[in-house]
Amino acid sequence: MADTVNEDGAGSNGPVPIVLAGARGHGRWHLRNIRRLADEGLVSLVGVCELTPLDEEELAGHGQVAQSDDLARLLERTAAEVVVVCTPIHTHAELGQIAADAGAHLLLEKPPTPSRAAFERLTGGLERAGVVCQVGFQSLGSHALDRIAELIGDGAIGTVTGIGAAGAWGRDESYWRRAAWGGSRRLDGRDVVDGVLTNPLAHAVATALRIEGAERAEDIAAVDLELYRVNDISADDTSCARITTTAGGRVVAAVTLCAEHPSEPYVVVHGDAGRITFWYKADRLLLERAGERPRVSEHGRTDLLANLVAHLREGAPLRAPLAHTGAFTEVVEAVRTAPDPLVLPRGAWRSEPGTSGPRRVIPGIDELTARGAAELALYSELAVDWARYPRERLRRPGQGPGPG
């Protein structure tokens with residue numbers, strides 16, 4: 001398709017020129033966010049990379065915007081300083097490298113890559129190009145994380161004994177048909193790894209790891225996994241992981257997209273003198289200590305694109321730099337190289353009406369995700385009939401060959 005060109009220039013002190021790669025689906029959120037930041041004078045949308053051009057209504061308020069299905073060509077024509085990549089998981093590394101080769105910095109949607117090898121290639125490519133990358137874990141922009149660190153440092157809950165994460169969401173069967181790659185482990189020979197742990201509820205895992213202080217790949221000693229599914233997909237829709245860090249920390253995540261009563265996901269920090277619960281979508285904390293009244297606090301959040309602009313213009317530290325998602329990528333790698341998810345028997349789930357068609361529900365899974373986070377236990381350790389996960393299927397980074 002032919003390019004259209006935005007003739008507006010932007011100096012280093014003006015709004016940061018942005019190209020958005022992937023402007024539909026979740027990309028619509030980025031389109032709205034860019035418009036909000038443009039109204040504040042921080043950025044300007046100079047280009048959109050999509051297979052099908054956006055129409056005037058979709059681009060309302062953005063002015064003249066170049067469009068192309070060729071990111072390299074679009075960057076050459078617009079000289080954008082930042083690229084927001086919100087495309088299918090298996091295209092992240094390739095498009096990220098194209099942006100880097102053009103000298104553009106990145107806001108890259110999570111998960112950053114579907115494998116350790118792709119993560120390492122992209123990291124090396126960005127370093128050689130001299131550009132920076134922020135990963136779209138919006139929860140890592142929450143100021144509640146700073147407060148949690150203060151509370152732990154002050155001994156408010158005593159010695160941390162472990163961190164749990166629970167996520168009980170529901171998704172209609174149509175969710176898995178949103179795109180060809182939806183719910184796929186691999187597509188056309190390429191890793192995708194679109195499972196509940198690595199994509200929809202990836203924030204729960206990444207946030208727990210950040211609180212634990214495990215950010216880089218070398219911080220992870222082992223990942224024990226249980227991957228299950230009830231939907232007609234190849235990836236996992238109900239899973240749990242026990243992550244052991246090289247410092248001896250424990251993080252357990254129990255997540256599902258088959259909840260009976262979908263609720264807000266959270267991370268709970270267990271201490272020998274209390275606990276902190278963090279509802280990361282709401283930026284809300286609950287501090288509980290023996291003999292004291294529970295204390296709730298609400299916190300602000302730094303937008304990650306605004307933070308990237310502040311980094312480029314003022315040297316502000318990035319809230320979610322690529323290097324600090326290496327530990328999360330080790331979890332992705334463990335999922336990628338694990339055996340296919342166990343298919344739960346028909347008696348373990350039921351079908352019920354959803355918002356856009358039927359959805360599959362696992363009775364009792366809401367309580368199990370909460371117990372997993374509370375007890376730092378895998379599903380198979382919670383005496384549930386369907387969770388009979390063979391010990392030999394548990395995977396750890398570097399154990400045996402994986403596909404791809």
Side-chain angles (χ1 to χ4, degrees), residues 164-187 192-202 204-205 223-243 252-266 268 331-332 334-395 402-403:
W169 278 357
R171 290 292 184 270
D172 296 350
E173 291 179 26
S174 60
Y175 169 80
W176 303 109
R177 298 190 293 273
R178 68 196 189 279
W181 56 274
S184 296
R185 285 171 66 79
R186 291 174 64 79
L187 181 67
V192 178
V193 202
D194 182 34
V196 61
L197 273 171
T198 55
N199 193 13
L201 282 160
V205 179
V223 181
D224 295 334
L225 291 170
E226 293 183 7
L227 307 179
Y228 304 94
R229 69 173 176 85
V230 300
N231 283 280
D232 187 18
I233 56 177
S234 60
D236 52 305
D237 56 40
T238 300
S239 297
C240 53
R242 177 182 287 121
I243 306 160
V252 172
V255 294
T256 185
L257 295 177
C258 306
E260 293 184 281
H261 306 287
S263 58
E264 288 296 328
Y266 61 89
V268 56
V331 178
V332 175
V335 173
R336 183 187 77 86
T337 58
D340 289 343
L342 290 181
V343 181
L344 297 191
R346 183 62 179 84
W349 58 274
R350 68 174 185 266
S351 181
E352 65 178 39
T355 57
S356 59
R359 73 182 187 97
R360 299 183 183 186
V361 172
I362 301 174
I365 192 62
D366 305 35
E367 179 187 2
L368 287 172
T369 60
R371 286 184 60 197
E375 302 174 29
L376 300 178
L378 302 177
Y379 293 139
S380 64
E381 298 166 344
L382 296 175
V384 55
D385 288 343
W386 52 258
R388 302 179 184 276
Y389 207 82
R391 296 296 94 189
E392 64 271 16
R393 287 173 64 100
L394 294 177
R395 302 287 295 194

*Pairwise distance OG1(Thr369) to CD1(Ile362) - rounded to 0.5 angstrom*: 10.5 Å

_Arg388: salt bridge (charged side-chain N to carboxylate O under 4.0 Å, His left out) partners, not counting sequence neighbours_ = Asp385

*What distance separates Ser234 OG from Arg229 CZ, expressed to the nearest 0.5 Å?*
7.5 Å

*Considering non-hydrogen atoms only, spot the tightest contact between Ala377 and Val252 and give its length.*
O-CG1, 3.7 Å

*Closest heavy-atom pair and its distance - Glu260, Gly364*: OE1-N, 2.9 Å

_With heavy-atom distances below 4.5 Å as the criterion, would you say the side chains of Val196 and Thr238 are in contact?_
no

*Side-chain contact, heavy-atom cut-off 4.5 Å: Cys240 with Glu381?*
no

_Take a 6.0 Å sphere around CD of Glu352 and say whether it holds more than 12 heavy atoms from other residues, nucleotides or ligands._
yes

In residues 174-183, what donor-acceptor pairs under 3.5 Å come from side-chain atoms, sequence neighbours left out?
{"from": "Ser174", "atom 1": "OG", "to": "Ser356", "atom 2": "OG", "distance (Å)": "3.0"}
{"from": "Arg178", "atom 1": "NH1", "to": "Tyr175", "atom 2": "O", "distance (Å)": "3.1"}
{"from": "Arg178", "atom 1": "NH2", "to": "Asp194", "atom 2": "OD2", "distance (Å)": "3.0"}

*What is the distance from atom OG1 of Thr256 to atom CG of Leu197, rounded to the nearest 0.5 Å?*
10.5 Å

*Kindly determine whether Arg185 and Asp340 satisfy side-chain contact (heavy atoms from CB on, under 4.5 Å), including the steps that lead there.*
CA-CA 8 Å; Arg185 285 171 66 79; Asp340 289 343; 3.0 Å; yes

*Is there side-chain contact between Pro200 and Leu257, with heavy atoms separated by less than 4.5 Å?*
yes

*Given Arg186 and Val192, is the side-chain contact (heavy atoms from CB on, under 4.5 Å) satisfied, shown in steps?*
CA-CA 5 Å; Arg186 291 174 64 79; Val192 178; 5.6 Å; no

*Please identify each residue that fulfils ring-ring contact (aromatic ring centres under 6.0 Å, His included) with Trp169, with sequence neighbours left out.*
none

_Is there a side-chain contact between Arg242 and Leu376 in this structure, where contact means two heavy atoms from C-beta onward sitting under 4.5 Å apart?_
no

*asked:* So, using ring-ring contact (aromatic ring centres under 6.0 Å, His included) as the criterion, who are the partners of Tyr379 when residues are at least two apart?
replied: Trp386

*Might you point out which heavy atoms bring Ile243 and Val331 nearest each other, and give the distance in Å?*
CD1-CG2, 3.7 Å

*asked:* How close do Val268 and Ala373 get, counting heavy atoms only, and between which atoms?
replied: CG1-O, 3.7 Å

*Between the side chains of Tyr228 and Glu226, does any donor sit under 3.5 Å from an acceptor?*
yes

*Could you state the interatomic distance from CG (Leu201) to OG (Ser239), rounded to the nearest 0.5 Å?*
10.0 Å

*asked:* So does Val230 get a backbone contact from the side chain of Arg360, meaning a donor-acceptor N/O pair under 3.5 Å?
replied: yes

*Does the Arg359 side chain pair with the main chain of Ala259, one donor and one acceptor, at a distance under 3.5 Å?*
yes

_Counterpart residues, salt bridge (charged side-chain N to carboxylate O under 4.0 Å, His left out), relative to Glu375 (two or more places apart)_ = Arg371

*Closest non-hydrogen atom pair between Ala338 and Leu227, with its separation*: CB-CD1, 3.9 Å

_Please enumerate all residues that pass side-chain contact (heavy atoms from CB on, under 4.5 Å) together with Ala204, with sequence neighbours excluded._
Ala165, Tyr280

_For Val335 against Val193, the heavy-atom pair lying closest together_ = CG1-CG1, 3.8 Å

